[in-house]
Amino acid sequence: MHATTKLMLIRHGETDDNRAQVFQGQAGSGLNERGRDQAARLAARFAGARIRLAAVYCSDLERARETAERLASALGLRATEDAGLREVGLGAWQGLSRAGVQARFPEEWAAWRRGEDVRRGGGETYAELGDRMMRALDRISERHAGEAVGIVSHGAAIKTVVGRILQMGTGGQKALQVPANTGVSLIEHDRTSGYRLAVWNDAAHLGDALAEALSAPPA
(Lines give C-alpha, C1' and ligand atoms only; values in the text may rest on other atoms or scores of the structure.)
Protein backbone atom coordinates (compact mmCIF):
# COMPACT_ATOMS: atom_id res chain seq x y z
CA MET A 1 0.00 0.00 0.00
CA HIS A 2 1.29 3.44 -0.93
CA ALA A 3 1.39 6.19 1.71
CA THR A 4 -1.14 8.99 1.23
CA THR A 5 0.13 12.54 1.59
CA LYS A 6 -2.34 15.19 2.77
CA LEU A 7 -1.71 18.65 1.33
CA MET A 8 -3.66 21.48 3.00
CA LEU A 9 -3.83 24.28 0.42
CA ILE A 10 -4.49 27.52 2.30
CA ARG A 11 -5.15 30.94 0.84
CA HIS A 12 -3.41 33.83 2.60
CA GLY A 13 -5.29 36.23 4.87
CA GLU A 14 -6.96 39.39 3.63
CA THR A 15 -5.00 42.40 2.35
CA ASP A 16 -6.10 45.95 1.62
CA ASP A 17 -5.89 45.15 -2.09
CA ASN A 18 -8.27 42.21 -1.58
CA ARG A 19 -10.71 44.54 0.15
CA ALA A 20 -10.42 47.13 -2.65
CA GLN A 21 -10.62 44.45 -5.39
CA VAL A 22 -7.25 45.40 -6.82
CA PHE A 23 -5.32 42.81 -8.86
CA GLN A 24 -2.22 41.88 -6.84
CA GLY A 25 -0.61 39.08 -8.81
CA GLN A 26 3.01 38.83 -7.68
CA ALA A 27 2.98 42.34 -6.20
CA GLY A 28 0.91 43.67 -3.30
CA SER A 29 1.56 44.10 0.41
CA GLY A 30 1.08 42.19 3.63
CA LEU A 31 -2.03 41.41 5.64
CA ASN A 32 -4.43 44.05 6.91
CA GLU A 33 -5.98 43.94 10.38
CA ARG A 34 -8.73 41.56 9.29
CA GLY A 35 -6.19 39.35 7.53
CA ARG A 36 -4.08 39.10 10.67
CA ASP A 37 -7.17 38.08 12.63
CA GLN A 38 -7.99 35.45 10.02
CA ALA A 39 -4.45 34.09 10.20
CA ALA A 40 -4.67 33.92 14.00
CA ARG A 41 -7.95 31.99 13.79
CA LEU A 42 -6.42 29.62 11.23
CA ALA A 43 -3.39 29.03 13.47
CA ALA A 44 -5.59 28.34 16.51
CA ARG A 45 -7.65 25.88 14.52
CA PHE A 46 -4.64 23.84 13.42
CA ALA A 47 -3.02 24.05 16.86
CA GLY A 48 -6.05 22.24 18.27
CA ALA A 49 -6.50 19.80 15.38
CA ARG A 50 -6.11 16.02 15.65
CA ILE A 51 -4.02 15.93 12.46
CA ARG A 52 -0.60 17.42 13.09
CA LEU A 53 1.20 19.11 10.26
CA ALA A 54 4.72 17.86 9.62
CA ALA A 55 5.71 21.06 7.83
CA VAL A 56 4.44 24.41 6.56
CA TYR A 57 5.36 25.73 3.12
CA CYS A 58 4.41 29.04 1.56
CA SER A 59 4.77 31.33 -1.39
CA ASP A 60 7.54 33.88 -0.92
CA LEU A 61 5.11 36.79 -1.37
CA GLU A 62 4.59 38.83 1.79
CA ARG A 63 0.89 38.10 2.34
CA ALA A 64 1.40 34.33 2.10
CA ARG A 65 4.60 34.36 4.13
CA GLU A 66 2.97 36.34 6.95
CA THR A 67 0.02 33.94 7.08
CA ALA A 68 2.31 30.92 7.05
CA GLU A 69 4.58 32.28 9.77
CA ARG A 70 1.61 32.68 12.13
CA LEU A 71 0.44 29.15 11.38
CA ALA A 72 3.91 27.62 11.71
CA SER A 73 4.66 29.45 14.96
CA ALA A 74 1.49 28.07 16.58
CA LEU A 75 2.68 24.56 15.69
CA GLY A 76 6.29 24.95 16.75
CA LEU A 77 7.44 24.87 13.12
CA ARG A 78 9.19 27.21 10.69
CA ALA A 79 7.63 28.17 7.38
CA THR A 80 9.63 27.18 4.29
CA GLU A 81 9.34 29.52 1.30
CA ASP A 82 8.95 28.15 -2.23
CA ALA A 83 8.67 30.60 -5.12
CA GLY A 84 6.83 27.91 -7.09
CA LEU A 85 3.80 28.56 -4.87
CA ARG A 86 3.49 32.21 -5.94
CA GLU A 87 0.32 33.74 -7.34
CA VAL A 88 -0.08 34.05 -11.11
CA GLY A 89 2.05 36.82 -12.60
CA LEU A 90 -0.23 39.56 -13.95
CA GLY A 91 2.30 41.91 -15.46
CA ALA A 92 0.81 45.35 -16.14
CA TRP A 93 -2.52 44.37 -14.55
CA GLN A 94 -0.88 44.34 -11.13
CA GLY A 95 -1.97 47.23 -8.93
CA LEU A 96 -5.02 48.02 -11.09
CA SER A 97 -8.67 47.90 -10.14
CA ARG A 98 -11.22 46.13 -12.32
CA ALA A 99 -12.24 49.46 -13.82
CA GLY A 100 -8.61 50.30 -14.49
CA VAL A 101 -7.99 47.02 -16.29
CA GLN A 102 -11.13 47.38 -18.40
CA ALA A 103 -10.05 50.88 -19.44
CA ARG A 104 -6.42 50.01 -20.26
CA PHE A 105 -6.76 46.43 -21.51
CA PRO A 106 -10.31 46.03 -22.84
CA GLU A 107 -9.52 43.15 -25.23
CA GLU A 108 -7.59 41.16 -22.62
CA TRP A 109 -10.33 41.81 -20.09
CA ALA A 110 -13.06 40.59 -22.44
CA ALA A 111 -11.08 37.46 -23.37
CA TRP A 112 -10.37 36.67 -19.71
CA ARG A 113 -14.03 37.08 -18.79
CA ARG A 114 -14.92 34.63 -21.58
CA GLY A 115 -12.64 32.06 -19.93
CA GLU A 116 -9.74 32.31 -22.38
CA ASP A 117 -6.25 31.67 -21.02
CA VAL A 118 -4.76 35.03 -21.96
CA ARG A 119 -1.38 36.36 -20.88
CA ARG A 120 -2.83 39.19 -18.82
CA GLY A 121 -0.68 42.31 -18.83
CA GLY A 122 2.17 40.28 -20.34
CA GLY A 123 2.27 37.97 -17.32
CA GLU A 124 1.71 34.23 -16.97
CA THR A 125 -1.01 32.07 -18.47
CA TYR A 126 -3.05 29.79 -16.23
CA ALA A 127 -1.41 26.84 -17.98
CA GLU A 128 2.02 28.11 -16.94
CA LEU A 129 0.75 28.77 -13.42
CA GLY A 130 -0.66 25.23 -13.21
CA ASP A 131 2.61 23.69 -14.41
CA ARG A 132 4.59 25.68 -11.87
CA MET A 133 2.24 24.86 -8.99
CA MET A 134 2.12 21.14 -9.81
CA ARG A 135 5.92 20.97 -9.88
CA ALA A 136 5.98 22.54 -6.41
CA LEU A 137 3.33 20.13 -5.08
CA ASP A 138 5.19 17.17 -6.58
CA ARG A 139 8.38 18.25 -4.78
CA ILE A 140 6.56 18.66 -1.46
CA SER A 141 4.65 15.38 -1.84
CA GLU A 142 7.88 13.50 -2.54
CA ARG A 143 9.57 15.06 0.46
CA HIS A 144 6.67 14.36 2.86
CA ALA A 145 5.18 11.08 1.66
CA GLY A 146 2.55 9.85 4.10
CA GLU A 147 2.50 13.10 6.10
CA ALA A 148 0.19 16.11 6.39
CA VAL A 149 1.58 19.43 5.20
CA GLY A 150 0.27 23.01 5.23
CA ILE A 151 0.81 25.01 2.03
CA VAL A 152 -0.04 28.72 2.06
CA SER A 153 -0.55 30.08 -1.43
CA HIS A 154 -2.99 32.29 -3.35
CA GLY A 155 -6.51 32.31 -4.73
CA ALA A 156 -5.87 31.80 -8.44
CA ALA A 157 -2.98 29.42 -7.76
CA ILE A 158 -5.12 27.15 -5.58
CA LYS A 159 -8.10 27.35 -7.92
CA THR A 160 -5.91 26.43 -10.90
CA VAL A 161 -4.46 23.39 -9.11
CA VAL A 162 -7.90 22.14 -8.08
CA GLY A 163 -9.28 22.73 -11.56
CA ARG A 164 -6.42 20.71 -13.02
CA ILE A 165 -6.98 17.84 -10.57
CA LEU A 166 -10.68 17.84 -11.49
CA GLN A 167 -9.77 17.99 -15.20
CA MET A 168 -11.91 21.07 -15.69
CA GLY A 169 -9.74 22.88 -18.21
CA THR A 170 -8.97 26.59 -17.99
CA GLY A 171 -12.44 27.68 -19.09
CA GLY A 172 -14.10 25.30 -16.65
CA GLN A 173 -12.26 26.80 -13.70
CA LYS A 174 -14.65 29.76 -13.88
CA ALA A 175 -17.14 27.47 -12.11
CA LEU A 176 -14.95 27.54 -8.98
CA GLN A 177 -15.25 30.48 -6.62
CA VAL A 178 -11.95 31.96 -5.44
CA PRO A 179 -11.22 30.41 -2.02
CA ALA A 180 -11.94 32.53 1.05
CA ASN A 181 -9.01 34.24 2.72
CA THR A 182 -7.44 31.50 4.92
CA GLY A 183 -9.87 28.97 3.43
CA VAL A 184 -8.44 25.43 3.46
CA SER A 185 -8.68 22.92 0.60
CA LEU A 186 -7.37 19.40 1.17
CA ILE A 187 -5.89 17.39 -1.65
CA GLU A 188 -4.51 13.89 -1.18
CA HIS A 189 -1.72 12.28 -3.15
CA ASP A 190 -0.27 8.84 -3.55
CA ARG A 191 2.00 7.43 -6.24
CA THR A 192 -0.63 5.07 -7.64
CA SER A 193 -3.73 7.23 -8.04
CA GLY A 194 -2.12 10.66 -8.11
CA TYR A 195 -4.00 13.67 -6.73
CA ARG A 196 -7.61 13.92 -5.62
CA LEU A 197 -9.66 16.65 -4.00
CA ALA A 198 -10.97 15.74 -0.53
CA VAL A 199 -12.15 19.14 0.87
CA TRP A 200 -12.80 22.44 -0.89
CA ASN A 201 -12.57 25.90 0.71
CA ASP A 202 -13.25 25.06 4.36
CA ALA A 203 -13.26 28.30 6.37
CA ALA A 204 -15.10 27.12 9.47
CA HIS A 205 -12.57 28.92 11.70
CA LEU A 206 -13.95 32.23 10.40
CA GLY A 207 -17.50 31.54 11.59
CA ASP A 208 -20.56 31.25 9.35
CA ALA A 209 -19.10 30.28 5.97
CA LEU A 210 -22.42 30.65 4.13
CA ALA A 211 -23.03 34.15 5.48
CA GLU A 212 -19.46 35.09 4.55
CA ALA A 213 -19.97 33.84 1.00
CA LEU A 214 -23.26 35.68 0.61
CA SER A 215 -21.74 38.96 1.77
CA ALA A 216 -18.55 38.71 -0.30
CA PRO A 217 -18.16 40.89 -3.43
CA PRO A 218 -18.28 39.04 -6.78
CA ALA A 219 -14.96 37.55 -7.93
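The basis for the numbers below is simple: all heavy atoms, side chains too, and nothing from hydrogens, waters or symmetry mates. By convention here, the first residue in the shown sequence is residue 1.
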Spell out, as yes or no, whether a donor-acceptor pair under 3.5 Å connects the side chain of Thr67 to the backbone of Gly13. yes

Side chain Asp17, main chain Gly95, donor-acceptor under 3.5 Å: no

Donor-acceptor contact below 3.5 Å, side chain Asp202 vs main chain Ala204: yes

Between Ser73 and Glu69 (side chain of the first, backbone of the second, donor and acceptor by atom type, cut-off under 3.5 Å), is there such a pair? no

For Arg86, does its backbone N or O pair with a side-chain atom of Arg132 as donor and acceptor, under 3.5 Å? yes

Give a yes or no answer on whether the side chain of Gln94 reaches the backbone of Phe23 with a donor-acceptor pair at less than 3.5 Å. no

Does His12 reach the main-chain N or O of Cys58 with its side chain, forming a donor-acceptor pair under 3.5 Å? no

Quick check against the 3.5 Å criterion: does Glu66 have a side-chain atom that pairs as donor or acceptor with the backbone of Leu31? yes

Does either side chain, that of Ser59 or that of His154, offer a donor lying less than 3.5 Å from an acceptor on the other one? yes

Backbone N or O of Arg19 within a donor-acceptor pair of the Glu14 side chain at under 3.5 Å? no

Do NZ/NE/NH1/NH2 and the carboxylate oxygens of Arg120 and Glu108 come within less than 4.0 Å? no

Any chance the side chains of Tyr57 and Arg139 put a donor and an acceptor closer than 3.5 Å? no

